[in-house]
Number of protein chains: 2
Amino acid sequence: MPSSLAESDASQTLNASALTQLRSDIIACRLMPNERLRVEALRERYGMGASPIREALMRLEAEGLVELEQNKGFRVSEVSRENLLDLMNTRIEIESIALRWSLEKGGVEWEANLLSAFHRLSRQSKIDPANTAAISEAWSKEHADFHTALVSACGAPTLLSIRSRLFEQAERYVALSIMSSSPLRDDVTEHKQLMRAALNRDVDKTLDLNRMHITRTLDKVAVALEASKAHVDPRMMNRKTLK
Amino acid sequence: MPSSLAESDASQTLNASALTQLRSDIIACRLMPNERLRVEALRERYGMGASPIREALMRLEAEGLVELEQNKGFRVSEVSRENLLDLMNTRIEIESIALRWSLEKGGVEWEANLLSAFHRLSRQSKIDPANTAAISEAWSKEHADFHTALVSACGAPTLLSIRSRLFEQAERYVALSIMSSSPLRDDVTEHKQLMRAALNRDVDKTLDLNRMHITRTLDKVAVALEASKAHVDPRMMNRKTLK
DNA sequence: ATCAAATAAATTTTCGGCAATCGATTGACG
DNA sequence: CGTCAATCGATTGCCGAAAATTTATTTGAT
């Protein structure tokens with residue numbers, strides 16, 4: 001059974017389709033961290049040849065979602081406490097810059113857009129009726145859109161693209177933490193405060209709130225990650241015991 | 001004639017070799033901005049099949065050095081004044097964070113490494129005896145190493161990888177500016193000051209110097225870019241004149 | 001039994017060729 | 001004369017199979 005809801009629309013290259021689906025599957029942890037990505041398996045999963053898949057994997061390697069080892073193939077990037085901390089700390093700083101610039105430059109258009117994004121987010125249920133063990137895909141979309149709207153007026157495309165890459169990586173950790181423990185926190189309030197501060201052009205407050213928003217996620221994910229570490233390490237231990 | 005000095009060493013995947021050579025050729029502007037990258041031509045240039053080349057190109061697209069348009073193939077990323085400004089502004093902020101953390105955390109090891117990198121850089125001639133229209137490749141290497149040494153203790157791999165990606169993109173603009181006008185500035189002094197401030201753990205001064213270092217490059221490149229804009233736009237104008 | 005070399009299986013990586021697509025040119029028609 | 005449709009060449013994108021490499025298994029010597 002094909003995995004992703006995002007069915008490849010018409011007139012896209014298989015390459016692009018593979019890229020979208022793979023990225024989506026990795027971020028949602030339908031392909032688990034450290035899982036080996038055998039081309040034959042993916043070939044079957046997505047119903048296409050090896051070339052578009054390898055190309056997509058190379059692309060994802062640059063994005064940091066996939067790792068490649070010479071002649072040993074691809075695997076989904078490993079997760080770890082250190083990587084999580086690294087990622088979140090970096091993300092906080094990057095978003096801070098983007099937010100600062102966005103608050104400086106944002107006009108009416110930006111304000112309207114932000115309000116609109118918040119409204120859509122607040123009306124979207126976080127829980128997925130179909131799959132209670134996962135966050136609603138629609139909510140994820142609106143959530144991402146809201147945070148994008150916050151920084152969208154920053155005027156530095158390079159910075160924005162870096163930001164969204166980090167955001168995606170963080171989403172993977174969140175997906176992971178949902179799978180183990182899911183006391184879904186209510187973050188409508190958080191988002192509202194964030195928006196208010198931004199609209200008031202209160203840079204310090206916005207940055208603080210954003211930092212707290214990220215930190216709170218980080219803590220939750222870190223706990224879940226530590227808990228799931230109790231599971232067996234997937235390294236094979238098939239060497240026969242000595243004497 | 002194969003282009004890059006960096007001959008693909010033994011036992012590397014063709015894929016990896018293509019990646020290295022392509023990146024090097026693009027950064028050095030041996031493949032010019034906006035130039036179309038036909039696979040057949042690259043196939044011949046690097047002496048390999050289409051697959052490893054396409055894979056490398058996809059990788060480079062994620063890095064921002066190459067652009068892909070559906071069914072129309074790849075081209076080297078466009079350069080522009082806006083992109084240059086965007087790039088440099090982003091780079092300043094990112095390096096500022098990395099520097100701050102590096103100065104906080106750097107130990108003796110880091111200091112030693114930095115001194116060593118500076119020494120190597122200061123003893124390396126900037127001009128290439130073989131090709132006076134280009135910067136010595138050895139110098140570029142030492143220069144990159146020096147700046148990497150400055151931030152190396154920052155402790156955030158994610159941030160460092162972002163930094164080096166931006167650094168590479170900037171190198172391309174520098175290469176471009178060298179080709180048109182080359183009043184090579186003496187930057188040994190600048191680098192020395194930068195190192196001194198860093199070793200003294202003077203965060204503000206280090207950040208300022210770094211900002212100025214980048215800005216100075218930016219200005220020089222911006223002028224050269226504007227000048228070269230007088231050249232004909234490589235867009236074909238083969239439509240017959242009307243009436 | 002232990003270890004190492006040798007073989008076999010599995011998987012990655014690469015190639016050559018074919019189908020789909022785009023851009024330009026040509027020719028028919030209003 | 002200009003517009004639109006059909007055609008052709010060039011180029012991309014894709015597949016299936018071959019080559020190279022790693023991993024697992026067997027064999028043989030000590």
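Quick note: numbers below take in every heavy atom, side chains included, and nothing from hydrogens, waters or symmetry partners. A, B, ... follow the sequence lines: proteins, then strands. Residue 1 opens every chain.
- Residue B:Arg36 is the one, among A:Thr13 and B:Arg36, whose nearest nucleotide of DNA chain D lies closer to the 5' end (criterion: closest heavy atom).
- Within residues 64-72 of chain B, the residues that have a heavy atom under 4.0 Å from DNA chain C are, in order of number, B:Asn71, B:Lys72.
- Residues satisfying the salt bridge (charged side-chain N to carboxylate O under 4.0 Å, His left out) criterion with B:Arg36, sequence neighbours excluded, are absent altogether.
- Atom CD of A:Glu44 is separated from atom P of D:dC15 by 14 Å (rounded to the nearest Å).
- Sorted by residue number, the members of residues 49-59 of chain A with any non-hydrogen atom under 4.0 Å from DNA chain D read A:Gly49, A:Ser51, A:Pro52.
- Contacts of B:Ser116 classified as side-chain hydrogen bond (donor to acceptor under 3.5 Å, both in side chains), with partners at least two apart in sequence or in another chain: B:Arg120.
- Qualifying salt bridge (charged side-chain N to carboxylate O under 4.0 Å, His left out) partners for B:Arg75, counting only residues two or more places apart in sequence or in other chains: none.
- Partners of B:Lys105 according to the salt bridge (charged side-chain N to carboxylate O under 4.0 Å, His left out) rule, which considers only residues two or more places apart in sequence or in another chain, do not exist here.
- Sorted by first and then second residue, the side chain to side chain donor-acceptor pair (under 3.5 Å) pairs involving residues 165-176 of chain A (not counting sequence neighbours) are A:Asn83-A:Tyr173.
- One interatomic measurement links the two molecules: CZ of A:Arg75 to P of C:dT12, which rounds to 10 Å at whole-angstrom precision.
- Checking side-chain atoms of A:Trp101 against main-chain N and O of A:Gly106 turns up no donor-acceptor pair under 3.5 Å.
- For the pair B:Phe74 CZ and D:dT11 C1', the computed distance is 12 Å after rounding to whole Å.
- Not counting sequence neighbours, the partners of B:Arg43 by the salt bridge (charged side-chain N to carboxylate O under 4.0 Å, His left out) test are B:Glu40.
- Atom pair B:Gln12:CD and D:dA20:P shows a separation of 18 Å (rounding to whole Å applied).
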Show every donor-acceptor pair shorter than 3.5 Å between a side-chain atom in residues 86-94 of chain A and any protein atom, with sequence neighbours excluded, or say none if there are none.
| residue | atom | partner | partner atom | Å |
| --- | --- | --- | --- | --- |
| A:Asp86 | OD1 | A:Thr90 | OG1 | 3.4 |
| A:Asp86 | OD2 | B:Thr158 | N | 3.0 |
| A:Asp86 | OD2 | B:Thr158 | OG1 | 2.7 |
| A:Asn89 | ND2 | A:Leu85 | O | 3.2 |
| A:Thr90 | OG1 | A:Asp86 | O | 2.9 |

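- Between the CG atom of A:Leu14 and the C1' atom of D:dC15 there is a distance of 10 Å, rounded to whole Å.
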Test side chain to side chain contact (heavy atoms under 4.5 Å, CB included) on B:Leu176 and B:Met32 and set out the steps.
CA-CA 9 Å; B:Leu176 205 59; B:Met32 291 293 281; 4.0 Å; yes
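- Close to D:dT11, at under 4.0 Å from its OP1 or OP2, lies no side-chain N or O of B:Arg43.
- The distance between atom CD of A:Glu40 and atom P of D:dT23, rounded to the nearest whole Å, is 19 Å.
- Across the protein-nucleic acid pair, A:Arg38 atom CZ and C:dT13 atom P stand 13 Å apart, rounded to whole Å.
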